[in-house]
Amino acid sequence: MVTIASGGDDRNSNRPPLFSIIIGLVSTEDKRRVLQTLEALRQQDGQATYEVVIADRRSDDVSREISTNFPEVRLIAQPPETDLPQLRTAALAATRGEFIVVTEDHCVPTHGWLAAIAEAFAGAPPSAVAVGGCVENGVADTALDWATFLCEYSFFLPPVAEGSSTVLPGMNVAYRRRAFEKIDNSVLTRGFWETTLHPVLLAAGHTFFSSNRIRLLHSKKFSLGLFLRQRYLYSQYFAGIRFARREYLRRAAACLASVLLPPLLLLRMARQARTKHDGIKHFMAALPYLCLFVVVWAVGEMRGYALGAGSALAEIE
């Protein structure tokens with residue numbers, strides 16, 4: 001644990017920290033970005049304490065550097081084939097904090113990130129078991145950088161809606177520990193929590209809360225090849241788990257309807273960009289790449305509906 005205000009080491013305390021931050025170490029490109037993530041956590045404003053638990057399927061030179069230079073971090077080695085939901089679930093099991101904070105190994109929090117999460121929980125209704133915020137582009141050098149960001153996170157560009165929400169970003173979200181009390185591990189391991197856990201929490205009568213003060217930078221530098229592969233895999237995974245295997249008619253109908261996805265996705269991104277600061281400018285610059293991305297998106301969903309998710313989830317980073 002680390003006291004945020006001083007950056008001092010408080011690991012010898014028997015008291016649980018306020019925040020438990022869980023990360024899956026998976027990135028194969030820009031893989032040193034996690035060091036920037038951990039350094040940003042040391043620079044947090046406020047007086048709260050935190051712990052970092054990283055489930056690591058890489059076990060590489062960056063893992064060793066984390067062990068050496070960030071002794072406050074707990075690394076849990078996992079087999080190379082472990083998928084991200086399984087990594088997060090393994091990390092969750094090792095936490096002690098009151099609030100479980102989920103981010104990714106290429107996301108960099110702003111200085112007031114943890115303080116804003118605490119403020120959001122304090123101001124949210126008692127029924128709120130999760131809070132989240134906005135996502136900014138931390139790698140914005142080229143049109144490709146903007147395209148990879150907008151394809152995934154245009155909805156969460158600031159400003160996001162303040163207050164009660166049913167949609168929170170999967171890598172800028174914090175949960176009360178009690179949110180997991182009645183959740184079976186199968187819910188946590190079968191897919192990304194925004195698609196598996198969140199619907200279960202909402203159906204149980206819990207609520208979510210969104211705040212623009214909870215700001216995070218998405219800072220992964222993708223090559224074109226890696227992003228196309230990742231977009232394809234995620235689309236295959238999403239479509240593959242959407243319907244049961246025996247729902248042949250629904251799968252067939254969705255597969256055929258996927259041909260309509262490219263224009264619909266572009267329209268949705270454009271509408272979202274219009275509500276964001278400089279959003280349309282970045283959208284237009286990224287448009288040639290986005291046209292390619294949405295075609296790959298549609299093809300991935302077609303495969304998922306037709307053949308299932310396969311091993312896609314284990315290959316997503």
Side-chain angles (χ1 to χ4, degrees), residues 2 4 7 19 21-46 48 50 52 54 62 66 70 73 84 88 99 101-120 130-162 165 167-174 192 194 210-223 226-227 230-231 234 269 272-273 275-279 281-283 285-286 289 316-317:
V2 175
I4 296 172
F19 298 103
I21 301 160
I22 62 177
I23 299 171
L25 199 61
V26 297
S27 290
T28 58
E29 290 185 359
D30 207 4
K31 63 181 185 177
R32 295 181 61 81
R33 187 72 65 177
V34 67
L35 304 177
Q36 189 176 346
T37 302
L38 298 176
E39 189 59 44
L41 289 171
R42 284 180 168 176
Q43 304 301 319
Q44 290 293 294
D45 300 331
Y50 73 83
V52 182
I54 296 180
V62 175
I66 292 172
F70 296 90
V73 174
L84 255 174
R88 289 175 178 173
F99 301 122
V101 186
V102 179
T103 190
E104 295 180 347
D105 63 1
H106 50 270
C107 294
V108 180
T110 54
H111 287 287
W113 188 54
L114 292 178
I117 290 173
E119 291 171 4
V131 302
C134 59
V135 182
E136 298 180 356
N137 189 4
V139 177
D141 301 323
T142 67
L144 175 60
D145 295 332
W146 271 106
T148 58
F149 177 82
L150 291 174
C151 187
E152 303 296 322
Y153 300 111
S154 59
F155 183 84
F156 296 108
L157 265 172
V160 295
E162 289 278 339
S165 177
V167 181
L168 299 176
M171 68 342 184
N172 188 18
V173 61
F192 290 97
E194 58 267 35
S210 178
S211 169
N212 282 285
R213 290 175 57 82
I214 305 174
R215 294 173 49 242
L216 188 75
L217 302 179
H218 184 273
S219 301
K220 187 161 184 172
K221 186 79 171 179
F222 281 98
S223 66
L226 178 63
F227 187 82
Q230 289 294 305
R231 182 62 264 174
Y234 191 90
M269 291 178 200
Q272 291 167 352
T275 67
K276 312 297 183 178
H277 178 66
D278 284 340
K281 179 182 74 173
H282 297 309
F283 174 82
Y289 287 112
I316 292 173
E317 62 179 69

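All figures in this text were calculated on a predicted structure; none of them were measured in a lab. As a basis for the values below, the full set of heavy atoms in this structure was taken, side chains included, without hydrogen atoms, waters or symmetry mates.
- Taking Asp30 as the reference, Arg33 meet the side chain to side chain donor-acceptor pair (under 3.5 Å) condition, with sequence neighbours excluded.
- Listed by chain and number, the residues in a side chain to side chain donor-acceptor pair (under 3.5 Å) with Ser154 are Gln272 (sequence neighbours excluded).
- Looking at heavy atoms from C-beta onward, Phe156 lies in side-chain contact with Val167 at the 4.5 angstrom threshold.
- For the atom pair CZ (Arg32) and OG1 (Thr37), the distance works out to 12.5 Å, reported to the nearest 0.5 Å.
- Counting only heavy atoms from C-beta outward, the side chains of Val131 and Ile214 approach each other to under 4.5 Å.
- Every residue meeting the ring pair (Phe, Tyr, Trp, His ring centres under 6.0 Å) condition with Phe227, not counting sequence neighbours, appears here in chain and number order: Phe222, Phe293.
- Put simply, the side chain of Leu114 reaches to within 4.5 Å of the side chain of Ile21, judged on heavy atoms.
- Donor-acceptor pairing under 3.5 Å is recorded for the side chains of Trp113 and Asn172.
- Put simply, the side chain of Thr110 does not reach to within 4.5 Å of the side chain of Leu216, judged on heavy atoms.
- Take Arg231 and apply the side chain to side chain donor-acceptor pair (under 3.5 Å) test, not counting sequence neighbours, and it matches Glu152, Ser235.
- Among residues two or more places apart in sequence or in another chain, the side chain to side chain contact (heavy atoms under 4.5 Å, CB included) test is passed with Leu84 by Val26, Leu87, Arg88, Phe192.
- The salt bridge (charged side-chain N to carboxylate O under 4.0 Å, His left out) check on Lys221 picks up Asp141, Asp145, with sequence neighbours excluded.
- Gly138 and Leu217 make their closest contact through CA-CB, 4.2 Å (heavy atoms, listed as atom of the first residue, atom of the second, distance).
- No side-chain heavy atom of Pro158 sits less than 4.5 Å from a side-chain heavy atom of Lys276.
- Applying the side chain to side chain contact (heavy atoms under 4.5 Å, CB included) criterion to Ala140, with sequence neighbours excluded, gives Asn137, Trp146.
- Within the 4.5 Å cutoff, side-chain heavy atoms of Leu168 are placed close to those of Ser210.
- Of the charged side-chain nitrogens involved, none lies within less than 4.0 Å of a carboxylate oxygen, so that Lys31 and Glu317 do not count as a salt-bridged pair.
- A perpendicular orientation is assigned to the rings of His218 and His106, their planes being inclined by more than 60° (bins at 30° and 60°).
- For the pair Leu38/Ile66, a side-chain contact is recorded, criterion being any heavy-atom separation below 4.5 Å from C-beta on.
- Residues Val135 and Leu157 form no side-chain contact, since every pair of their non-hydrogen atoms from C-beta on lies 4.5 Å or further apart.
- Here Phe70 pairs with nothing under the ring pair (Phe, Tyr, Trp, His ring centres under 6.0 Å) rule; sequence neighbours left out.
- Looking at residues two or more places apart in sequence or on another chain, you find a salt bridge (charged side-chain N to carboxylate O under 4.0 Å, His left out) between Glu119 and Arg213.
- For Phe283, the ring pair (Phe, Tyr, Trp, His ring centres under 6.0 Å) criterion is met by no residue, not counting sequence neighbours.
- With sequence neighbours left out, Phe99 forms a ring pair (Phe, Tyr, Trp, His ring centres under 6.0 Å) with Phe19, Phe121.
- For Glu194, the side chain to side chain donor-acceptor pair (under 3.5 Å) criterion is met by no residue, not counting sequence neighbours.
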